[in-house]
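Read through the structure below, which is laid out as structure tokens, and then see the notes.
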Amino acid sequence: MNNYFETVHQIIKAGHWITDQISRELRELDATEPQYNVLRILVGAKGQPLTVQEIQAKMIQRSSNVTRIIDRLLSKDLVNRQECPTNRRKMDITITEKGQEALKDLDKKVTAFHDPLKKRLDTEELNTLKLLIEKLTNNAHK
């Protein structure tokens, strides 16, 4: 059982280390990891507007501060927010051209961080690690 906790501890440490490093890289471009995540979600929507709730459901870290994150992105003109035409209580969020350009710069920073790490594990090791993590977390979120 001790081996289990040591392993889980290493997974948590690795996750926090990666997030901290990415945050440091993004900070140089005046962005946070959650802001980056929201921009990527909006680009993934391929021009379709998303509600705050839809964005929150897709986030890696499901922050209760999604509205504040979107407000910050709005103040930088990286996203648009409009009243949903079919439901006035909902707001539609889309990424702006400026947001798409900013995301390209952020992606370059994130890719530059990950490139040397990708070389540390071969394809078989990556597949094994992914399968083991999926096995550990399968049905854990239900």
Side-chain angles (χ1 to χ4, degrees), residues 1-84 86-87 89-142:
M1 196 59 134
N2 195 27
N3 194 23
Y4 166 82
F5 289 113
E6 289 172 12
T7 302
V8 169
H9 179 73
Q10 287 302 316
I11 293 169
I12 293 168
K13 271 179 56 175
H16 284 294
W17 178 78
I18 291 169
T19 301
D20 289 347
Q21 298 303 310
I22 295 294
S23 293
R24 185 174 298 139
E25 294 294 323
L26 297 176
R27 199 173 309 126
E28 292 177 15
L29 296 175
D30 191 33
T32 65
E33 190 274 331
Q35 290 171 359
Y36 175 67
N37 191 210
V38 168
L39 292 174
R40 288 191 48 111
I41 290 166
L42 290 171
V43 162
K46 298 179 178 22
Q48 295 299 312
L50 296 176
T51 65
V52 173
Q53 293 79 10
E54 290 169 327
I55 293 169
Q56 186 169 19
K58 294 175 186 276
M59 289 189 68
I60 293 169
Q61 296 175 347
R62 288 184 177 83
S63 169
S64 61
N65 294 326
V66 175
T67 301
R68 222 177 309 170
I69 294 165
I70 291 168
D71 287 344
R72 182 76 173 125
L73 293 171
L74 273 165
S75 73
K76 297 178 183 183
D77 297 321
L78 302 180
V79 299
N80 288 318
R81 178 172 53 198
Q82 290 183 271
E83 189 177 279
C84 177
T86 58
N87 184 343
R89 292 179 294 174
K90 289 187 179 181
M91 298 302 278
D92 285 339
I93 313 298
T94 54
I95 190 167
T96 63
E97 281 188 41
K98 184 177 177 181
Q100 291 175 7
E101 290 303 314
L103 183 59
K104 288 177 187 175
D105 293 337
L106 295 170
D107 278 338
K108 286 177 191 170
K109 279 282 201 188
V110 171
T111 298
F113 166 76
H114 283 292
D115 279 345
L117 295 181
K118 291 191 299 190
K119 297 174 185 166
R120 294 182 184 177
L121 299 172
D122 63 33
T123 302
E124 185 178 335
E125 290 170 324
L126 287 169
N127 287 336
T128 299
L129 182 59
K130 181 178 176 258
L131 287 171
L132 291 172
I133 291 170
E134 287 172 351
K135 183 177 181 180
L136 182 65
T137 60
N138 191 27
N139 295 323
H141 302 294
K142 292 184 177 182

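All values reported here derive from a predicted model rather than from experimental measurement.
- Nearest heavy atoms, I95 versus L78: CG1-O, 3.4 Å.
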Name the atoms and distances for all side-chain donor-acceptor pairs under 3.5 Å in residues 70-77, with sequence neighbours left out.
unit_1: D71; atom_1: OD1; unit_2: R81; atom_2: NH1; d: 2.7
unit_1: D71; atom_1: OD1; unit_2: R81; atom_2: NH2; d: 3.3
unit_1: S75; atom_1: OG; unit_2: R72; atom_2: O; d: 2.7
unit_1: K76; atom_1: NZ; unit_2: D30; atom_2: O; d: 2.3
unit_1: K76; atom_1: NZ; unit_2: Q35; atom_2: OE1; d: 3.2

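- Atom CD in Q56 sits 10.0 Å away from atom CD1 in I41 (nearest 0.5 Å).
- Every residue was checked against the salt bridge (Lys or Arg N to Asp or Glu O under 4.0 Å) condition with E54, not counting sequence neighbours, and none meets it.
- Here CG of L39 is found 5.5 Å from CG of L103. Values are rounded to the nearest 0.5 Å.
- The number of heavy atoms from other shown groups lying within 6.0 Å of CD (E97) does not exceed 12.
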What donor-acceptor contacts under 3.5 angstrom involve side-chain atoms of residues 20-27, with partners at least two apart or in another chain?
unit_1: Q21; atom_1: OE1; unit_2: R24; atom_2: NH1; d: 3.2
unit_1: S23; atom_1: OG; unit_2: T19; atom_2: O; d: 2.9

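- Among pairs with a residue in residues 98-113, those fulfilling side chain to side chain donor-acceptor pair (under 3.5 Å) read E28-K109, Y36-D107, R40-D107, E101-K104, at least two apart in sequence or across chains.
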>> Using side chain to side chain contact (heavy atoms under 4.5 Å, CB included), reason through Q53 and V66 one step at a time and then give a plain yes or no.
In response: CA-CA 9 Å; Q53 293 79 10; V66 175; over 6 Å; no
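- Checked against salt bridge (Lys or Arg N to Asp or Glu O under 4.0 Å), K118 has the following partners two or more places apart in sequence or in another chain: D115.
- In terms of heavy atoms, M59 sits closest to N37 at CA-OD1, 3.3 Å.
- Within the structure, side chain to side chain donor-acceptor pair (under 3.5 Å) pairs that include any residue of residues 120-132 comprise K130-E134 (at least two apart or interchain).
- Rounded to the nearest 0.5 angstrom, I93 CD1 and I69 CD1 are separated by 12.0 Å.
- One distance of note links CD of Q82 with CE of M91; it measures 8.0 Å at 0.5 Å rounding.
- For G47 against T94, the heavy-atom pair with the smallest separation is O-CG2, 4.4 Å.
- Residue L126 qualifies as enclosed at atom CG: its count of foreign heavy atoms under 6.0 Å is above 12.
- The structure places CG of N138 at 11.0 Å from CG of L131, a figure rounded to the nearest 0.5 Å.
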